[in-house]
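Got a structure here, written out as structure tokens. Questions coming.
Atoms within each ligand, like the ligands themselves, are counted from 1 in listed order.
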Amino acid sequence: MRLNSSFFNKIGKMLDFYSQFNPSPLSIKQFLDFGMNKCESKSYVFLKKELPVRLANIMKEIALLPDNLLRTPSVGLLSNWYARSFEEVIEFEKTDPTSDNLKRFCMILSHIRDRHADVVQTMAQGIMELKDSQNIEPGMETSIQYFLDRFYMSRISIRMLINQHTLLFGEGSEHAKHIGCIEIDCDPKIVVKDAYENARWLCDQYYYGAPEIVVKEHNELERGEPINIVYVPSHLYHILFEIFKNAMRAVMETHQERGDIPPIQVIIVKGNEDICVKVSDQGGGIPRSSADQLFKYMYSTAPHPSKSDVHTVPLAGFGYGLPISRLYARYFHGDISLMSCDGYGTDAIIYMKRLSDEANELLPIFNKTSSRFYNKST
Ligand SMILES: O=C(O)CCCOc1c(F)cc(-c2c(C(=O)NCc3ccc(C(=O)O)cc3)noc2-c2cc(Cl)c(O)cc2O)cc1F
């Protein structure tokens, strides 16, 4: 369905209205407290304002992208997805939380989540269409890096709100010890093993072998006790899966001929402020001068996968794995650090906040400061 200009004019005024509000960040504790005493009407009233605010903030930023990127077929497609989703949510603006509206709202949110399923690769395709059509000078690469960090962080946050509402109030069954997609006592060791096994399966497919894993724990607060965290296991899994794929690729590329494949060492540490997961490999490392490239959306030592390649070179993707993994870590005020020793190997450290009331959403805010970054008149 092509959206005509009168459609964009109509939502244009609403975009201006909703983009003047700043998104309201929630902490994991607030998500938990709300989910423990869940009330669908309250969630509906909050989301029918907050979702348009978050959508409008990032849509205003999409509109500031360079015209040659905006005009790529892929960015045009995903802009239409955002416009339709924004329009569907603002239809609830002046409605009350009647039983029918609550049911319809839940259904609309699920449709929006499905509509936006391929946004990451569609945006990546748009960037590649731009790269293929013209050279990207360093200044534009910096702007695109800035935009993509904010665009994908916004998407993570919108999907978190949608998942919490649909899991708490949709048809699906409740999971013990889960509040929506949050696990009350998530065991990082279990997520480590799960991510390792799945990355190892891919590694075996391509290299006919894979490094073993050694996992240790150090609980500095309650010595000898198991380590648990209130977190979103799927976020931690996404991060670990990417890091294990990269570590295995480096190790196998540097030890393929030699028999002895060194294991990947993992230590999980609970400190006063942070819970860390350090993944250490002996994959030969990357020079310090290149290490920062790994967080660039347009860097990857793997050839860019065409649709067919992704199945033949399973450990490589669009090169978006690490930048987006860092966004998942930063989303609740954690981070990822890479410390590589050229000629030996790489340590990747994942930081998470130990306390759920310190794990606040980190949300991009559209304002004059961010607009200036795009050197385009608003
Ligand atoms: O395509 C994707 O999505 C995956 C995109 C990403 O693909 C990569 C990949 F899996 C692994 C590495 C890599 C290398 C390497 O490759 N070293 C050889 C070289 C030597 C010199 C230079 C240079 O001079 O630039 C670059 C690499 N050494 O350590 C790592 C490494 C990287 C990360 Cl993030 C990690 O968590 C663990 C690691 O062991 C680099 C990647 F880039």
Q121-Y320 side chain donor-acceptor pair, cut-off 3.5 Å: no

Quick test of your reading of the model: are R200 and D204 salt-bridged, counting only N-O distances below 4.0 Å? yes

Side chain or backbone, does G285 bring an N or O within less than 3.5 Å of an N or O on ligand 1? yes

Go through the side-chain N and O atoms of E93 and Y18 and say whether any donor and acceptor fall under 3.5 Å apart. yes

N/O of K245 under 3.5 Å from N/O of ligand 1, yes or no? no

N/O to N/O below 3.5 Å, does that happen between S340 and ligand 1? no

Between Y82 and F151, is a ring-ring contact (aromatic ring centres under 6.0 Å, His included) present by the stated rule, with each step listed? CA-CA 12 Å; Y82 273 79; F151 177 68; 5.7 Å; yes

Identity of the nearest option to atom 21 (C) of ligand 1, non-hydrogen atoms only, from P287, A348, A291, G321: P287

Please identify which atoms of ligand 1 are closer than 4.0 Å to at least one heavy atom of D281. 37 (C), 38 (C), 39 (O)

Note: N246, heavy atoms under 4.0 Å from ligand 1, region reported as both

Verify ring-ring contact (aromatic ring centres under 6.0 Å, His included) between Y44 and F169, making sure each step is shown before the conclusion. CA-CA 10 Å; Y44 172 90; F169 308 111; over 10 Å; no

Taking 4.0 angstrom as the limit, do K270 and E220 come out as a salt bridge? no

One residue to check: L322. Relative to ligand 1, which of side chain, backbone, both or neither has a non-hydrogen atom less than 4.0 Å away? side chain

Below the 3.5 angstrom mark, is there an N/O of R249, backbone or side chain, next to an N/O of ligand 1? yes

Applying a 4.0 Å heavy-atom criterion (strictly less than), which segment of T346 is in contact with ligand 1: side chain, backbone, both, or neither? side chain

Distance under 4.0 Å to a non-hydrogen atom of S290: what atoms of ligand 1 satisfy this? 23 (C), 24 (O), 25 (O)

Ionic contact status for R54 with E50, cut-off 4.0 Å: yes

Using the six-membered ring of F105, assess whether NZ or CZ of K48 lies under 6.0 Å from its centre and within 45 degrees of the ring axis. no

Heavy-atom pairs closer than 4.0 Å: do any link ligand 1 to the side chain of V251, the backbone, both, or neither? neither

Numbered in order shown, the ligand 1 atoms found under 4.0 Å of a heavy atom of A250 are 13 (C), 14 (C), 28 (N), 29 (O), 30 (C), 39 (O)

